[in-house]
Amino acid sequence: MTEVAFHFNAPDKLAYACRFARKVQRSDARLVIAAPAQMLATLDRMLWALEPQDFVAHCRDDADQELLAASTVLLAQDARSTAHHEVLLNLQPQVPQGFERFDRLVEVVSAQDPADRTEARARWRHYASLGLAITRHDLVPKAL
């Protein structure tokens, strides 16, 4: 059964996706990031612009087989067609089709975008209706 986690209050979803990709790569896991095409293009540029010590081996899901095999992070509009199935980071506004193939699903929710927060609530309800346990992570540290 897929483990589902929501990471709430991301000040910048794409910057968070870059940090998350680096963290997953360092744990020797494979990651698929699902997002709309425009967002994937921006994320691709951001990943290439990381400092050399933070390099994340990644490619688009339409790359040749050799590159796909060598990349720990895949950028895809549709997670159903990817070879990786360990961790899925969803930046799509809807529930990603085929999420059940993955060991873990992480949903990132904006701190400021009301529409994104509303869409996240709908995805939460969907996962809960399937009987999946959901873990909640607030990205804003609480004041003491």
Testing Arg22, Lys23, Arg19 one by one against Asp54 for a salt bridge (Lys or Arg N to Asp or Glu O under 4.0 Å), which residue passes?
Arg22
With hydrophobic residues grouped by side-chain heavy-atom distances under 4.5 Å, do Leu68 and Ile33 end up in a single group?
no
Any side-chain heavy-atom pair from Pro96 and Glu107 closer than 4.5 angstrom?
yes
Could you check whether any side-chain N or O of His126 sits under 3.5 Å from a backbone N or O of Trp124, counting only pairs where one atom can act as donor and the other as acceptor?
no
What distance separates Thr82 OG1 from Phe102 CZ, expressed to the nearest 0.5 Å?
4.0 Å
Given side chains that start at C-beta, do those of Phe6 and Val108 come closer than 4.5 Å, heavy atoms only?
no
Give the C-alpha distance, both sets of side-chain angles, the deciding distance and a yes or no for salt bridge (Lys or Arg N to Asp or Glu O under 4.0 Å) between Asp61 and Arg80.
CA-CA 11 Å; Asp61 64 334; Arg80 293 176 297 179; over 6 Å; no
My understanding is that only residues two or more places apart in sequence, or in another chain, count here; which of them pass side chain to side chain donor-acceptor pair (under 3.5 Å) with Glu119?
none
What are the two closest non-hydrogen atoms of Ala76 and Leu40, and how far apart are they?
C-CD1, 3.4 Å
Just how far is it from atom CZ of Arg104 to atom NE2 of His85, taken to the nearest 0.5 Å?
13.5 Å
For the residue pair Pro36 and Gln92, establish whether any side-chain heavy-atom pair is separated by less than 4.5 Å.
yes
ring-ring contact (aromatic ring centres under 6.0 Å, His included) for His7 and Tyr16? Distances and angles first, verdict last.
CA-CA 10 Å; His7 294 205; Tyr16 184 76; 5.7 Å; yes
Correct closest heavy-atom pair for Met46 and Leu14 would be SD-CB, 3.6 Å
Once rounded to the nearest 0.5 Å, what's the spacing between atom CG of Leu91 and atom OG1 of Thr42?
11.5 Å
Nearest-0.5 Å distance that lies between atom CZ in Arg60 and atom OG in Ser71:
12.5 Å
Please answer: with hydrophobic residues joined when any side-chain heavy atoms are less than 4.5 Å apart, are Leu88 and Phe8 in the same cluster?
yes
Could you tell me if the side chain of Val106 sits less than 4.5 Å from the side chain of Asn90, heavy atoms only?
no
Can you sort out the partners of His84 under ring-ring contact (aromatic ring centres under 6.0 Å, His included), two or more places apart, ordered by chain and number?
none
Is the closest side-chain heavy-atom distance between Leu89 and Val32 below 4.5 Å?
no
Has Asp116 got a side-chain atom pairing as donor or acceptor with Ser110's backbone, closer than 3.5 angstrom?
yes
Hey, quick one: are Phe20 and Leu50 part of the same hydrophobic cluster, counting side-chain heavy atoms closer than 4.5 Å, chains of contacts allowed?
yes
From CA spacing to verdict: side chain to side chain contact (heavy atoms under 4.5 Å, CB included), Cys18, Leu43
CA-CA 8 Å; Cys18 288; Leu43 183 59; 3.7 Å; yes
Atom pair CD/OG of Glu86 and Ser27 - distance to nearest 0.5 Å
8.0 Å
Distance-only side-chain donor-acceptor flag, Thr2 / Glu100, under 3.5 Å:
no
Mind checking whether Leu75 and Leu31 sit in one hydrophobic cluster, side chains of I, L, V, M, F, W, Y counted as touching below 4.5 Å?
yes
Just wondering, do Val109 and Arg117 contact through their side chains at under 4.5 Å, heavy atoms?
yes
Quick one: CE on Met1 to CG on Leu130, what's the gap to the nearest 0.5 Å?
9.0 Å
Quick one: are Leu74 and Arg30 in side-chain contact, heavy atoms under 4.5 Å?
no
May I ask you to decide if Thr72's main-chain N or O and Gln25's side chain share a donor-acceptor pair within less than 3.5 Å?
no
When you compare the side chains of His58 and Asp44, does any donor N or O come within less than 3.5 Å of an acceptor on the partner?
yes
Electrostatic pair Lys13:Asp113 at N-O distance under 4.0 angstrom:
no
Would you say the side chain of Leu132 lies within less than 4.5 Å of the side chain of Leu105, judging by non-hydrogen atoms?
no
